[in-house]
Amino acid sequence: MGKVKIAPSMLAADFANLERDIQIINQSEADWFHLDIMDGVFVPNISFGMPVVKAMAQHAKKPLDVHLMIVDPDRYIKTFAQLGADILTVHAEASTHLHRTIQAIKDADMKAGVALNPHTPVNVLEDVINDIDVVCIMSVNPGFGGQKFIKNTYSKVHMLRTMIDANKSATLIEIDGGVNATNCTNLVEAGADILVAGNFVFSSEKPLETIKNLWQIANA
Ligand code: DX5
Ligand code: ZN
């Protein structure tokens, strides 16, 4: 089995000490920075926008995994490419012409991700699975950090893994929401490749050690 990636969610960082928290991720075993962009329309919360992403990009030494929880994401594909996003993820529920959106992300030289809300079945991606670099399975309803992990995620990941393997696709499976050291083993066994973790990392006393611990359990 390949290496499982850890992507700490900066939504749970201390925004008054953002550079410090970015350096923690730079020094850690983490693979990607996960950046949650919320517009207050697609989800009931507003997070942060372009100036903050720009500031993060100046210090981050690892790929930026940008998760757009916004309506009509096509409007901002070029902007996030210019800001330094390496992976750009849109929600299937927010894209009317998902195939076109995926191609536009790739044309802007980013990896294309598609996120699915807890109620959206994985089979909506059957006809685009070979076009997608990352499928982000939401294991909470998007909008807030620190929510409880939804257990139905395990069977969704398993179904998605079966679909990916049947299509001989290289698409990676990312899990987002409520990930911790207790559920990560089952997620990896079900087929997860990338684990996003916000509060589990940043609410812990020693984030650096927490990341190392999560990485070791996920890659055991
Ligand atoms: C939820 C966001 C998640 C969130 C994860 O809408 O997409 O990335 O920040 O945070 P935790 O790990 O605290 O659930
Ligand atoms: Zn996210």
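First listed ligand is number 1; within each ligand, the first listed atom is number 1. Both backbone and side-chain heavy atoms feed into the values below; hydrogens, waters and symmetry mates do not.
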In [X], which N, O or S atom comes closest to the Zn ion (ligand 2)?
X	answer
Asp36	OD1
Asp176	OD2
His34	NE2

Item checked: Shared hydrophobic cluster, Leu172 / Phe33 (ILVMFWY, side-chain heavy atoms < 4.5 Å) ->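 Different clusters: Leu172 never reaches Phe33 through Ile, Leu, Val, Met, Phe, Trp or Tyr contacts under 4.5 Å.
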Next item on the list: Determine, using the 4.5 Å side-chain heavy-atom cutoff (strictly less than), whether Trp32 and Val188 are members of one ILVMFWY cluster.
Entry: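 No: no chain of side-chain contacts under 4.5 Å links Trp32 to Val188.
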Next item on the list: Please confirm whether Phe144 comes under 4.0 Å of ligand 1, counting heavy atoms of the residue only.
Entry: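 Contact check Phe144 vs ligand 1: positive.
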Margin query: Any atom of ligand 1 sitting under 4.0 Å from a heavy atom of Ala12?
Written below: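 No, Ala12 has no heavy atom closer than 4.0 Å to ligand 1.
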Between [Y] and [X], do the side chains contain a donor N or O and an acceptor N or O under 3.5 Å apart?
X	Y	value
Asn152	Ser155	yes
Asn123	Glu126	no
His67	Asp65	no
Ser139	Thr153	no

Next item on the list: Determine whether the side chain, the backbone, both or neither of Asn199 has a heavy atom under 4.0 Å from any heavy atom of ligand 1.
Entry: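 Both of them.
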Notebook entry, point to check: At a non-hydrogen distance cut-off of under 4.0 Å, which region of Ser9 contacts ligand 1 (side chain, backbone, both, or neither)?
Noted result: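 It is the side chain that gets close, since no backbone atom is under 4.0 Å.
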Any N or O of [X] closer than 3.5 Å to N or O of ligand 1:
X	answer
Gly146	yes
Gly178	yes
Val196	no
Asp36	yes

Check: Would Asp193 and Lys5 count as a salt bridge (Lys or Arg N to Asp or Glu O under 4.0 Å) if you check the C-alpha gap in whole Å, the side-chain angles of each, and the deciding distance to 0.1 Å?
Finding: CA-CA 6 Å; Asp193 300 295; Lys5 292 179 170 46; over 6 Å; no
Report, in ascending order of atom number, the atoms of ligand 1 lying under 4.0 Å from any heavy atom of [X].
X	value
Pro142	6 (O)
Leu11	9 (O)
Met69	6 (O), 7 (O)
Gly177	14 (O)
Ala197	12 (O)
His67	7 (O)
Met138	7 (O)
Met38	6 (O)

Next item on the list: Would you check if the Zn ion (ligand 2) lies under 2.8 Å from any N, O or S atom of His67?
Entry: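 True for His67.
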Is the side chain of [X] donor-acceptor paired with the backbone N or O of [Y] at a distance under 3.5 Å, no angle test?
X	Y	answer
Lys111	Leu88	no
Arg100	His97	no
Lys156	Pro118	yes
Thr171	Ile132	yes
Asp39	Phe42	yes
Asn117	His119	no

If you have a sec, work out which protein heavy atom is nearest [atom] and how many Å separate them, to one decimal?
atom	result
atom 6 (O) of ligand 1	Gly143 N, 2.8 Å
atom 10 (O) of ligand 1	Gly145 CA, 3.7 Å
atom 12 (O) of ligand 1	Gly198 N, 2.8 Å
atom 8 (O) of ligand 1	Asp176 OD1, 2.6 Å

Next item on the list: In sequence, state the C-alpha distance, the side-chain angles, and the governing distance for Lys3 and Asn219, and then conclude on side chain to side chain contact (heavy atoms under 4.5 Å, CB included).
Entry: CA-CA 6 Å; Lys3 179 177 167 289; Asn219 286 287; 3.7 Å; yes
